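Here is the structure we will look at, set down as structure tokens.
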Protein chains: 2
Amino acid sequence: MEELTKKQDAVYQFILQSIKKNGFPPTLREIGNKFSLSLGTIQDHISLLKAKGYLKVKPNTARGYEPVSHGIPVYGKVAAGKPIFAIENIEGYVQDSYKKTEGVFALKVTGDSMIDAGILDRDVLIVHKQETAEDKDIVIALLDDEVTVKRFRRKRGKIFLEAANEKYEPIEKEFTLIGKVIESRRKY
Amino acid sequence: MEELTKKQDAVYQFILQSIKKNGFPPTLREIGNKFSLSLGTIQDHISLLKAKGYLKVKPNTARGYEPVSHGIPVYGKVAAGKPIFAIENIEGYVQDSYKKTEGVFALKVTGDSMIDAGILDRDVLIVHKQETAEDKDIVIALLDDEVTVKRFRRKRGKIFLEAANEKYEPIEKEFTLIGKVIESRRKY
DNA sequence: CAATATACCATACAAATGTATGGTAGTCAA
DNA sequence: TTGACTACCATACATTTGTATGGTATATTG
């Protein structure tokens, strides 16, 4: 998806907010008032947002546009060495109730290293991207080109990762923290 | 919530569908066209839907109304003897991606009887109401006035409930099936 | 029976709203 | 420097859209 400029993003975010708040999109004039901009300027912005694929517009229609919503992308098993957030890895999207989907993604679990924490193979984890975490948080980390779910530990000044399955030993290797798990879901 | 008549419900459902499809509500005339009804008639229906609490209406506003959506209700611990779906028991609502929220509700887990199935205390289960289930489905059942999560078993012509925790024995008592778990969620 | 609620109609009107047109100005890359 | 893109403006216009008014008809209920 093409990048938005700051102004465009501001307008886009306002549209999202309005819909969340009112249940329907704002009119062009409502957007204009919000930013103290003229009607014509908003016309321009809407055109651009449409051109860049952020809005689907229905002509001659009051409040006739909707954000092209992608929900939260769910990444599947990530191939070693490949960038994690490659579009090829997106397996689908999940609905969210989070205000900011910015910085949030989802991941499908592979393996049984967290079963004692109630996280099973094929569960979907919703993750907030962040580079730090608290002791005992469940996190997503990059370990030797592999993405894994583990419990983050801080003990006696040491930082390491811990599985929730007695079959696995604690991991003291170097790792990169990708994010913190904020929710898990499982479909039956 | 007050009951809707058939006509009112048809109009209401159309509004929901339209929003799902277009991203914004239909105009009064669009609704009228759908049902081959006059503008005035739709005005009446909208008034009634508003009066009965199904729509929130913003005056003088194109497409200016939104369904009063409650999402999926989450029921907490149910007091013995009390009706399960009592409004007092609703702890909140979860967002859904299910087409039909009709017949779907959510329940907060109490206890540890399903830990081996990755269902922990305080998890939220999304449940589809139904009176039958397949062998090994995870179900919600009513047992002696208590609501519990268990695994539904059908074995040698017998039907019983099974915990997923070695501390608990299979339950051969009489029970009433309330529904089948279709998803579990846990927030961290 | 009368009152009330629902379900429908037609028509006129004012307000809300998208569209069209034609400008100005700044930035950035070719 | 020229062209493309973004960001802004003002104004006129046609259409979309909710609102208001005043009807008719039917079923239900006290």
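This one's a predicted model, so the numbers in the text were calculated from it and none came from an experiment. To find a chain, count down the sequence lines: A is the first, B the second, and so on, and within it residues start at 1.
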Salt bridge (Lys or Arg N to Asp or Glu O under 4.0 Å) involving A:K56 - partner list, sequence neighbours excluded: A:E66
Please pick, from C:dT17, C:dC9, C:dG18, the nucleotide with the shortest atom-to-atom distance to any side-chain atom of B:L37. C:dC9
Contact state string [nucleotides 19-30 of chain D, B base, S sugar-phosphate only, - no protein heavy atom under 4.0 Å]: BB----------
For [N], does either OP1 or OP2 sit under 4.0 Å from a side-chain N or O belonging to [X]?
X: A:T41; N: D:dC9; answer: yes
X: A:K7; N: D:dC8; answer: yes
X: B:S38; N: C:dC9; answer: yes
X: A:T27; N: C:dA16; answer: no

Pairwise side-chain hydrogen bond (donor to acceptor under 3.5 Å, both in side chains) hits with a residue in residues 152-161 of chain A, at least two apart: A:D135-A:R153, A:R153-A:E162
Only counting residues at least two apart or in another chain, list the ones meeting side chain to side chain donor-acceptor pair (under 3.5 Å) with B:R63. B:E30
By side chain to side chain donor-acceptor pair (under 3.5 Å), B:D123 pairs with (sequence neighbours left out) B:R186
By the 4.0 Å heavy-atom rule, please label B:S36 as base, sugar-phosphate, or nothing. sugar-phosphate
Parsed dot-bracket for DNA chain D after applying the Watson-Crick and G-U rules with both distances under 3.5 Å and | for other-strand partners is ||||||||||||||||||||||||||||||
